[in-house]
Enquirer: 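There's a structure below that I have some questions on.
One is the number of the first residue; the rest follow in order along the sequence.
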Amino acid sequence: ATGDQSASPSTTHPHTTTPSTAPPTSVPQSSAPETTVPETTAPATSIMGVIEGRADLSTLVGLIDTAGLRETLSNPGTITLFGPDNAAFDALLTGPNPPDVNDPATVQALLLAHTNLSDVLLAADVLALAEVLVENGGPQPVDAAAGTVGGSEIAEADLTADNGVVHVLRAVMPIQP
C-alpha cells in the first residue's frame, strides 16, 4: 500500500517545490560503459527516459517493469525517485535474506520506499530536511553531513526530467517502519 503524503502530521516537509531552472544534467544516451557519460542537449521527457539511458541503472529499470511502475514514472507528475544503481541491487541480492525480485508486490513495495510521488525534491531540498516522505513505509532519514538518504549515499544528484528528478544511490534503502 502506498503512504498518503497529505496525512503526515509533520510540517517540516515541503509539499510543493519549484522545478530546477538549472541547465540540464548530463544523461547517457546509450549503454556505454558506466564511466562514460555523454552530454545531451535536453533532459529526457520522463524519469523512465532518464534512467533507461543509463547502463548503471539497468537493474532498476528491470525492477520497475516487474513492479508495474513504468507508467507511473513515465506520466506527467511531481516525482522524486531515489534510484539505487546496479551495484546497490547486486549487494542486496547477494546479501542475507534477499527479497524475491520475481514477485511484483515485493518489488513494488521496495521501489515505493524509494519514491515520492508528490514532490520534486532536488538535492538541496532533500539535504535541508530531517527525513523524506516516501510512498511505502515510514519517512527515510536524511543525514546532510554524510550526504545520505535512508542510510544510502547519494552518488549522483539532480538528474532532471519533465516529471521530476532522480538521485542515484549507492545502496538500497530499507523500508522504514
Side-chain angles (χ1 to χ4, degrees), residues 1-20 25 46-48 50-51 54 56-57 59-64 66-70 72-73 77-93 95-101 103-161 163-177:
T2 59
D4 179 5
Q5 300 291 309
S6 62
S8 174
S10 175
T11 58
T12 62
H13 302 289
H15 290 285
T16 58
T17 58
T18 305
S20 172
T25 303
S46 70
I47 285 177
M48 286 306 301
V50 169
I51 64 176
R54 298 278 304 243
D56 62 332
L57 298 177
T59 302
L60 176 62
V61 170
L63 292 174
I64 287 169
T66 298
L69 294 172
R70 177 175 285 274
T72 300
L73 298 175
T78 53
I79 303 167
T80 300
L81 176 64
F82 297 95
D85 63 17
N86 292 350
F89 282 115
D90 289 346
L92 176 71
L93 298 176
N97 304 313
D100 180 358
V101 294
D103 177 44
T106 298
V107 175
Q108 185 177 72
L110 179 65
L111 294 181
L112 288 176
H114 291 77
T115 309
N116 177 308
L117 295 173
S118 60
D119 296 310
V120 176
L121 299 170
L122 297 175
D125 302 321
V126 171
L127 296 174
L129 300 171
E131 56 189 21
V132 174
L133 297 177
V134 291
E135 301 304 314
N136 184 41
Q140 293 287 357
V142 175
D143 182 338
T148 64
V149 177
S152 177
E153 180 186 347
I154 300 173
E156 191 172 351
D158 297 341
L159 302 177
T160 58
N163 62 345
V165 65
V166 178
H167 305 293
V168 179
L169 301 181
R170 294 202 190 279
V172 177
M173 298 188 298
I175 298 173
Q176 299 294 330

Enquirer: To the nearest 0.5 Å, what is the distance between OG1 (Thr80) and CG (Leu121)?
Expert: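 The distance works out to 4.0 Å.
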Enquirer: Starting at OG1 of Thr59, measure out to CG of Asp90 and round the result to the nearest 0.5 Å.
Expert: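 Reported to 0.5 Å precision, the distance equals 5.5 Å.
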Enquirer: Could you walk me through whether Thr78 and Leu117 pass side-chain contact (heavy atoms from CB on, under 4.5 Å), step by step?
Expert: CA-CA 6 Å; Thr78 53; Leu117 295 173; over 6 Å; no
Enquirer: Decide yes or no for Ile154 and Val149: does some side-chain heavy atom of the first lie under 4.5 Å from some side-chain heavy atom of the second?
Expert: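 Ile154 reaches Val149 side chain to side chain.
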Enquirer: If only atom types and distance count, is the side chain of Asp56 paired as donor or acceptor with the main-chain N or O of Asp85 below 3.5 Å?
Expert: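 A pair under 3.5 Å: no.
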Enquirer: Locate the shortest heavy-atom distance separating Val107 from Ala67; write the atom from each residue and the value.
Expert: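 Val107 and Ala67 have their closest heavy atoms at CG1-CB, 3.8 Å.
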Enquirer: Just wondering, do Asp103 and Gln108 contact through their side chains at under 4.5 Å, heavy atoms?
Expert: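 Gln108 vs Asp103: side chains apart.
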Enquirer: Which heavy atom of Val165 sits nearest a heavy atom of Asp158, and at what distance?
Expert: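 The answer is CG2-CA, 3.5 Å.
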Enquirer: So which atom in Ala88 and which in Ala171 form the shortest heavy-atom distance, rounded to 0.1 Å?
Expert: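 Residues Ala88 and Ala171, closest heavy atoms: CB-CA, 3.4 Å.
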Enquirer: Within the structure provided, determine whether Thr115 and Val134 are in side-chain contact (heavy-atom separation under 4.5 Å).
Expert: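 No, side chains not in contact.
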Enquirer: A side-chain contact here means heavy atoms from C-beta on lying under 4.5 Å apart; do Val142 and Val132 qualify?
Expert: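 Contact flag for Val142/Val132 side chains = yes.
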Enquirer: Look up atom CG in Leu122 and atom OG1 in Thr160, then write down how far apart they are to the nearest 0.5 Å.
Expert: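 It comes to 8.0 Å.
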Enquirer: Let me confirm one number: the CD1-CE distance from Ile64 to Met48, rounded to the nearest 0.5 Å.
Expert: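 Taking CD1 in Ile64 and CE in Met48, the distance rounds to 4.5 Å.
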Enquirer: Is there a side-chain contact between Arg54 and Glu156, using heavy atoms and a 4.5 Å cut-off?
Expert: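 In short, these two side chains touch, coming nearer than 4.5 Å.
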Enquirer: Of all the heavy-atom pairs spanning Gln176 and Pro141, show the shortest one and how long it is.
Expert: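 Scanning both residues completely, I find the closest heavy atoms to be NE2-CD, 3.8 Å.
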Enquirer: Between Val61 and Arg70, does the side-chain contact (heavy atoms from CB on, under 4.5 Å) criterion hold? Intermediate values first, please.
Expert: CA-CA 8 Å; Val61 170; Arg70 177 175 285 274; 3.8 Å; yes
Enquirer: I need the minimum non-hydrogen distance between Phe89 and Leu63, along with the two atoms involved.
Expert: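 Distance-wise, the nearest heavy atoms are CE2-CD1, 3.5 Å.
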Enquirer: Which value, rounded to the nearest 0.5 Å, describes the distance between Thr72 atom OG1 and Leu111 atom CG?
Expert: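 Answer for the OG1-CG pair, Thr72 versus Leu111, is 11.0 Å.
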Enquirer: Would you check if His114 and Pro84 make a side-chain contact, meaning some heavy-atom pair closer than 4.5 Å?
Expert: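 Yes - at least one pair of side-chain heavy atoms lies under 4.5 Å apart.
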Enquirer: How far does OG of Ser152 sit from CZ of Arg170, to the nearest 0.5 angstrom?
Expert: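 That separation rounds to 9.0 Å.
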Enquirer: Exactly one of Ile47, Leu81, Val50 should register a side chain to side chain contact (heavy atoms under 4.5 Å, CB included) with Leu159. Which one does?
Expert: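 Exactly one pass, corresponding to Val50.
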Enquirer: Can Thr106 and Asp100 be said to form a side chain to side chain donor-acceptor pair (under 3.5 Å), step by step?
Expert: CA-CA 7 Å; Thr106 298; Asp100 180 358; 5.7 Å; no
Enquirer: Do you know which two heavy atoms are closest between Met173 and Leu110, and how far apart they sit?
Expert: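 It is O-CD1, 4.2 Å.
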Enquirer: Can you check whether Phe82 reaches Val172 side chain to side chain, under 4.5 Å on heavy atoms?
Expert: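 Not in contact.
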Enquirer: Is the shortest side-chain heavy-atom distance between Ile79 and Asn163 below 4.5 Å?
Expert: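 Side chain of Ile79 against side chain of Asn163, heavy atoms only: contact under 4.5 Å found.
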Enquirer: Going by atom types alone, do Gln140 and Glu131 pair a side-chain donor with an acceptor below 3.5 Å?
Expert: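 No, no side-chain donor-acceptor contact under 3.5 Å.
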Enquirer: Kindly indicate, with the supporting measurements, whether the criterion side-chain contact (heavy atoms from CB on, under 4.5 Å) is fulfilled by Thr66 and Val101.
Expert: CA-CA 8 Å; Thr66 298; Val101 294; over 6 Å; no
